[in-house]
Structures are given as structure tokens and as C-alpha cells.
Amino acid sequence: MKEINITTRFSIYETTDDLPNDVQNLMNQSIEIRKNAYAPYSNFRVGVAILLDNGKVVLGSNQENAAYPSGLCAERVAIFQAGAIYTEAKILKMAITAASDNNKTESPIPPCGACRQSIAEYEMKQNQPIEIYFMGEIGLIYKSDSLKNLLPFMFDKNAL
């Protein structure tokens, strides 16, 4: 038997004030769009701001549905919108924030598994890493230099 050791590395920022200016702007936009989330079932609101290489920012918030599988996470709302509108643009950075209506969300909230897979598709398509910053409502902000930190064994087109 052999073992594989996988190491992931994240940068940690104490507050949004510590972020680089462009990321601080993205995170502020993600906080604002989070307020537009439609989350009557989970009461858990997520906002995302994506910076493209053409300078455009694409926003998304989670959109729930009584038929649970029909809802869509904020990350996929934003990334699919970016892919539909700016087909040739590359995604440089994503800022994600999440908050519960029921209690203070103090821990950084990363993308769920389905969102990680969707982000992986775009990272592979553009052949360039996507910086991902994520936080809760308050507290620390984690930065991943690539989706590969969050999903080291990615399923992609090479497996097909």
C-alpha cells in the first residue's frame, strides 16, 4: 500500500480592510448582493462577486426554490452568468460571503461541492487558476490561489 499526502495552503486576512484594494471592492460587492439572496427555506444568504480579465464584475446571490434541487447557489449563478455573457473572458478572482438570518456566521464559508465542480470547469476551460476569497458574515477571510486547493482530485474533461 502507498499513501498520498495532499497539502493545501490558504492565506488568511483578519478583516476586509486587510485585503488588496481590488479584492476589498469585490468583497464589498458580494456583501451587498448577498442581501438580494432569495433564501426563504434555509435563511442562509450567499453573495458572490467575480472579477473578469476584461474588468467586468459579475454578481450572484443564492436563489432557492420549494423544489430544493431547482435552486441555485450564488457561486453558480455568478459563474454561469459570466460564462453566458462574457464567453471569452477569464475569471481572475471570486469573493464569496455568507450569512445566516438565524445566527452570526463567523467562520469562512467555502463553496459547496457542486459549486467547486462548476468552478473547476471554468478553471480548466481557461487554463488559468481562479483566486477564491471566502468569508462568513464577519471574521477571517480565506484566500485560495486556485480551486485545486479546495478540490484536489478534480473531475474534468480529461476523464471523459
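Computed from a predicted structure; not experimentally measured. Throughout, residue positions are numbered sequentially from 1 according to the sequence presented.
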Any side-chain heavy atom of [X] within less than 4.5 Å of one from [Y]?
X      : Y      : result
Leu151 : Gln117 : yes
Ser144 : Glu131 : no
Cys73  : Cys112 : yes
Ile96  : Pro111 : yes
Leu147 : Asn149 : no
Pro110 : Arg116 : yes
Thr97  : Val46  : no
Phe10  : Asp145 : no

Listed by chain and number, what are the ring-ring contact (aromatic ring centres under 6.0 Å, His included) partners of Tyr142, not counting sequence neighbours?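 With sequence neighbours excluded, Tyr142 shows a ring-ring contact (aromatic ring centres under 6.0 Å, His included) to Phe134, given in chain and number order.
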Who passes ring-ring contact (aromatic ring centres under 6.0 Å, His included) against Tyr68, sequence neighbours left out?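 So Tyr68 forms a ring-ring contact (aromatic ring centres under 6.0 Å, His included) with Tyr41.
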On a heavy-atom basis, which atom in [X] and which in [Y] lie closest, and how many Å separate them?
X      : Y      : value
Ser146 : Pro129 : CB-CB, 3.8 Å
Leu140 : Met135 : O-CB, 3.5 Å
Cys115 : Arg76  : SG-NE, 3.4 Å
Pro152 : Leu150 : CD-C, 3.7 Å
Gln63  : Tyr38  : OE1-CB, 3.4 Å

Say whether, by atom type as modelled, one donor and one acceptor occur between the side chain of [X] and the main chain of [Y] under 3.5 angstrom.
X      : Y      : value
Ser118 : Ala114 : yes
Gln126 : Ile91  : yes
Glu137 : Ala98  : no
Asp18  : Tyr13  : no
Asn28  : Asn25  : no
Gln24  : Thr16  : yes
Glu123 : Ile130 : yes

With Arg45 as reference, evaluate Asn62, Asp101, Asn36 under the side-chain hydrogen bond (donor to acceptor under 3.5 Å, both in side chains) test and give the passing residue. Asp101
Any chance CG of Leu160 has more than 12 other-residue heavy atoms, nucleotides or ligands included, within less than 6.0 Å?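 Atom CG in Leu160 is crowded, with more than 12 foreign heavy atoms closer than 6.0 Å.
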How about Asn127: does its CG atom have over 12 heavy atoms from other parts shown lying under 6.0 Å from it? no
Under the criterion side-chain contact (heavy atoms from CB on, under 4.5 Å), I'd like the reasoning laid out for Leu26 against Tyr133: C-alpha separation, chi angles, the key distance, then a yes or no. CA-CA 9 Å; Leu26 277 182; Tyr133 296 79; over 6 Å; no
How many angstroms lie between atom [atom1] of [X] and atom [atom2] of [Y], to the nearest 0.5 angstrom?
X      : Y      : atom1 : atom2 : result
Met94  : Ile132 : CE    : CD1   : 6.0 Å
Arg9   : Lys143 : CZ    : NZ    : 9.5 Å
Phe155 : Met124 : CZ    : CE    : 11.0 Å
Glu75  : Phe80  : CD    : CZ    : 10.5 Å
Tyr122 : Gln128 : OH    : CD    : 15.5 Å
Ser100 : Glu106 : OG    : CD    : 11.5 Å

Report the C-alpha distance between Thr105 and Ile138 in whole Å, list the side-chain angles of each, state the deciding distance to 0.1 Å, and finish with yes or no for side-chain contact (heavy atoms from CB on, under 4.5 Å). CA-CA 7 Å; Thr105 308; Ile138 60 170; over 6 Å; no
If Ile, Leu, Val, Met, Phe, Trp and Tyr residues are connected whenever their side-chain heavy atoms lie under 4.5 Å apart, and connections chain through other members, are Met27 and Ile109 in the same group? no
Could you go through residues 48-58 and list every donor-acceptor pair under 3.5 Å that involves a side-chain atom there, pairing it with any protein atom two or more places apart or in another chain?
unit_1: Asp53; atom_1: OD1; unit_2: Lys90; atom_2: N; d: 3.0
unit_1: Asn54; atom_1: OD1; unit_2: Lys56; atom_2: N; d: 2.9

